[in-house]
Protein chains: 2
Amino acid sequence: MSAKRNDFNHRPTIYDVAERAGTSYATVSRYLNGRSGVAASTAKRIEQAIKDVDYTPSAAARSLAQQRTHLIALIIHARSEDIITDPNIMQIIASANARVTREGWQMVTLMSENDGESRANIERLVSGGFADGYLLYTMEEDDPLLPLFERRSMHAVISGTGYHQQPPFVSVDVDNAAAMSELIRYVLTGETHSTGGDADDADTTDTTAGDATAALRRTRPAYICGPLNMPGAPERLAAFRAVTGELLPDSADSLPVHYAADWNTTSAAAAVRAWAEDGTLTTRDAIICANDTLAVGAIEELHRLGYDVPGDVAVSGFDNSSAATSITPQLTTVDQHMERRGWVMAGLVIDQIRDADKNGDRNGDRNASADDAGNTDDAGAAPSKTVMLATDLVIRESA
Amino acid sequence: MSAKRNDFNHRPTIYDVAERAGTSYATVSRYLNGRSGVAASTAKRIEQAIKDVDYTPSAAARSLAQQRTHLIALIIHARSEDIITDPNIMQIIASANARVTREGWQMVTLMSENDGESRANIERLVSGGFADGYLLYTMEEDDPLLPLFERRSMHAVISGTGYHQQPPFVSVDVDNAAAMSELIRYVLTGETHSTGGDADDADTTDTTAGDATAALRRTRPAYICGPLNMPGAPERLAAFRAVTGELLPDSADSLPVHYAADWNTTSAAAAVRAWAEDGTLTTRDAIICANDTLAVGAIEELHRLGYDVPGDVAVSGFDNSSAATSITPQLTTVDQHMERRGWVMAGLVIDQIRDADKNGDRNGDRNASADDAGNTDDAGAAPSKTVMLATDLVIRESA
DNA sequence: ATGAAAGCGCTAACAG
DNA sequence: CTGTTAGCGCTTTCAT
């Protein structure tokens, strides 16, 4: 009952509180955890004692004893250039954080550049049971954390590159192919079946195509592709191939495609410069970019070369980032609502954790109920391995 | 020596390793911590055993036993809109992360919107000894974490709003006043003593003023101020007052100043609209903005109203964010090198921690040696309570 | 309602 | 070089 450790200058422990309150530390623990069976009078004394000694439970000791950290870790794997550049990452962090907080957990974000050391550290941490659940946003095809999550049956939700193919994991993504298809169709035909135009719309995209034989507004689309190992890049390129194959069967194979090594504006500028030299760009031309940053680079270069957008050539983006509205003309693009991404991911891990608790599993059964994209409340929906988020076509000025 | 706990499906512990290697768990612990006194043969067996059982030490147990988490926590306190908008935050995160990793620690980022719940959580965590050291980037004048750090004598480095005034804390900041002064001087007089123009220059700013009586290029500067509770905002405004007071003693008091409630482009646009209605803007006008985002908003609105920048009116920013080069004309602005901020902050906490270790203090003596801004190596400089980072005037097209 | 005691998984003297 | 023994601070039966 006496304070076992009263060394010198140490942070107060539960023993100190117990001693001051004149009870055993077990009772203090009960009080702290809201357990029943603490007399009102005792509770008062404990409460006061806690204030007196300025006590806060040790996170480490608590985690060790109850085998729970009350932490959800968001892990971001990308090259540092991309981390700084990618306007989506911050949105994921913020929205995941909001959800995790709302559900009563604490979120922490771990970032890793691609260098081995940082990676190994994070793997050790995860493997060491650092958090109760993990959100992984990765740019890598075969992220080494995946096998780890699996071996340890950890609660994890993935988002990034095509993880909907990896059976054991719950993942969140957007339908890049469908979204890009709708966008390109609009750029070429001017037709759309969704009520685009305002990013605030929450309508689900509708990929019904217009009549393929209708007169096209633009007959020479070019594509600036992002790094193919990045989330969505291959799917978006495939959509370009597919739509142009359908709408322009004769020329589809010879359409210009530039494979950018990064998402920087300069890469797009280089592509545009090359094309503009090849021959003059005309009103037949449309430059479809794999994301907004590239589109900005393309437009800037076009301006430099004396072209008008969209007067001369049309340009489209993808992401609806802040750059989309900063530039003149404002970008026609796709909003993939990254601000929902983290929110949904967080909801999914927490469901996993709660379900596992309910079933007495310490190790996760991933077939937890999943709330759908637009739905912020977790109505008990059908089990699902991959959640597809809705996108919106945003029609502005550039195309 | 036998595995005390071999329950059922539990993650392997040090006991499992010891059992398989045929030694005591103490020896395994020694091996794990690189302590001397483990026979080579034993080491081999342990190594193998670790692989066999797929063992990783428990983060919680380790922290509890050695009173060290090997974690540095970067805590960001801001409204969620600002978190998403502020282009600086990501740079701080990335650069702090790089430094922390390089020094052998693991960094985790905690984000808190201004709502009470999230805050309280973080305070509990910190108070519970969640990390070995803390980096705080806060937008608040009186962040509640500060007293906490102090009571517990924790290792912490602050950055944000004017914390150089709070004696016990080590803080990192830029000299907003000096930087803004130099910028405004340049906008008005066209003179500068630093070799501006290229953001890559690492020259220290030089605030020597030109002859105050020289003919001014612009005689009617206006100022768009950011939220005054945000980092640097008051200092920048003060610089505007000071420089205009000196250069334009007669009109200084009647110069237009707009107090924006946020950093959004729309706020700046509103200000510009009002001024343009008041009377026609002329080549005498210069609009000094508290940051790049506001400058972008101002320029966009000026364009909308048919003005040319800088042909008609000059506009300047602050931050040298990516928006500075995306817009046409590209912004004349100040680079505060946010990518150094996190790096330096991280270096400072780690120094604190190492020094405390060396002196056998568990609680920090903050008079650790601090490396200066441009200097990436920690040459034993003089003790310092606040580190001022160098800034660069970046002269482009807008002013 | 409350106290005693046994862990949680690991580190760190202290013996041998 | 290695095993034994105490903790680290808290949770959680099990008695009382």
Side-chain angles (χ1 to χ4, degrees), chain A residues 1-7 10-19 21-46 49-50 53 55-70 124-125 127-130 132 362, chain B residues 1-7 10-19 21-46 49-50 53 55-70 124-125 127-130 132 362:
Chain A
M1 186 199 286
S2 71
K4 297 187 181 176
R5 305 195 67 272
N6 217 348
D7 283 0
H10 237 310
R11 68 203 286 303
T13 73
I14 199 172
Y15 298 103
D16 300 316
V17 175
E19 185 178 34
T23 72
S24 75
Y25 56 85
T27 305
V28 176
S29 177
R30 279 189 204 98
Y31 169 85
L32 288 170
N33 297 294
R35 289 259 182 304
S36 63
V38 181
S41 60
T42 322
K44 295 288 162 247
R45 287 186 351 255
I46 293 177
I50 289 177
V53 303
Y55 168 78
T56 315
S58 148
R62 192 181 258 260
S63 301
L64 180 57
Q66 71 188 359
Q67 299 292 72
R68 256 188 173 338
T69 63
H70 306 285
R124 287 189 73 73
L125 220 53
S127 192
F130 173 71
D132 294 339
R362 261 260 159 285
Chain B
M1 186 197 288
S2 71
K4 297 187 180 176
R5 305 193 66 273
N6 218 345
D7 283 0
H10 239 311
R11 69 203 283 305
T13 73
I14 199 172
Y15 299 104
D16 299 318
V17 175
E19 185 178 37
T23 71
S24 75
Y25 55 88
T27 305
V28 176
S29 176
R30 279 187 206 100
Y31 169 85
L32 288 170
N33 297 295
R35 288 255 184 310
S36 63
V38 180
S41 61
T42 322
K44 296 285 163 250
R45 288 190 345 259
I46 293 177
I50 289 177
V53 302
Y55 168 78
T56 316
S58 149
R62 191 182 260 260
S63 302
L64 179 57
Q66 86 194 339
Q67 298 292 73
R68 256 188 172 336
T69 62
H70 305 285
R124 289 188 72 72
L125 220 54
S127 191
F130 172 71
D132 294 340
R362 260 263 159 284

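Labels below follow one simple rule: chain letters A, B, ... track the order of the sequence lines, proteins then strands, and each chain is numbered from 1. Just the heavy atoms: all of them, side chains too, but no hydrogens, waters or symmetry mates, feed the values below.
- Counting non-hydrogen atoms of other residues, nucleotides and ligands closer than 6.0 Å to CZ of B:Arg45 gives a total above 12.
- At a non-hydrogen distance threshold of 4.0 Å, A:Gly37, A:Val38, A:Ala39, A:Thr42 from residues 35-44 of chain A come into contact with DNA chain C.
- In terms of heavy atoms, A:Ala60 sits closest to B:Leu64 at CB-N, 3.9 Å.
- Within 4.0 Å of B:Tyr31, counting heavy atoms only, lies no atom of the nucleic acid at all.
- Distances shown here put every side-chain N or O of B:Arg62 at or beyond 4.0 Å from the OP1 or OP2 atom of C:dG9.
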Which donor-acceptor pairs under 3.5 Å do side chains of residues 30-43 of chain A form with protein atoms, sequence neighbours excluded?
unit_1: A:Arg30; atom_1: NH1; unit_2: A:Thr27; atom_2: OG1; d: 3.4
unit_1: A:Asn33; atom_1: ND2; unit_2: A:Ser29; atom_2: O; d: 2.8
unit_1: A:Asn33; atom_1: ND2; unit_2: A:Ser29; atom_2: OG; d: 3.4

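- Across all non-hydrogen atoms, the minimal contact from A:Thr69 to A:Gly129 is CG2-O, 3.5 Å.
- Taking atom CG on B:Asn33 and atom C1' on C:dC10, their separation rounds to 9 Å, with Å as the unit.
- For the pair A:Tyr15 OH and D:dT11 P, the interatomic distance rounds to 11 Å; values are reported in whole Å.
- If you measure from atom CD of A:Glu19 to atom C1' of C:dG3, you get 16 Å, rounded to the nearest angstrom.
- A sub-4.0 Å separation between OP1 or OP2 of D:dG3 and a side-chain N or O of B:Ser24 is present.
- Picking from D:dG9, D:dG7, D:dT12 the nucleotide with the shortest atom distance to the side chain of A:Ala65 gives D:dG9.
- Protein atom CZ of A:Arg68 is 14 Å distant from nucleotide atom P of D:dT11, rounded to whole Å.
- At a threshold of 4.0 angstrom between heavy atoms, the contacts of A:Ser29 include nucleobase atoms, whether or not backbone atoms are also involved.
- Judged by closest nucleotide on DNA chain D, B:Arg45 is the one of B:Leu64 and B:Arg45 placed further toward the 5' end.
- Contact detail for A:Ser127 and B:Arg11: the closest heavy-atom pair is O-NH2, 2.5 Å.
- With rounding to whole Å, B:Ile46 atom CD1 is found 11 Å from D:dC1 atom C1'.
- Residue A:Ser58 places its side chain closer to D:dG9 than to any other of D:dT12, D:dG9, C:dC10.
- Protein atom CD1 of A:Ile14 is 11 Å distant from nucleotide atom P of D:dT12, rounded to whole Å.
- When the side-chain nitrogen and oxygen atoms of A:Tyr25 are compared with OP1 and OP2 of C:dA6, none of them lie within a distance under 4.0 Å.
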Report each atom pair, protein N/O against N/O of nucleotides 13-16 of chain D, whose distance is under 3.5 angstrom.
none

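- No side-chain donor-acceptor contact under 3.5 Å links A:Arg124 to the backbone of B:Pro57.
- In this structure, B:His70 atom NE2 and C:dC10 atom C1' are separated by 11 Å, rounded to whole Å.
- Between B:Gln67 atom CD and C:dG9 atom C1' there is a gap of 14 Å when expressed in whole angstrom units.
- Using a 30° and 60° split on the angle between ring planes, A:Phe130 and B:Phe130 fall in the tilted class, from 30° to 60°.
- Taking every heavy atom of both residues into account, B:Val28 and B:Ile46 meet most closely at CA-CD1, 4.0 Å.
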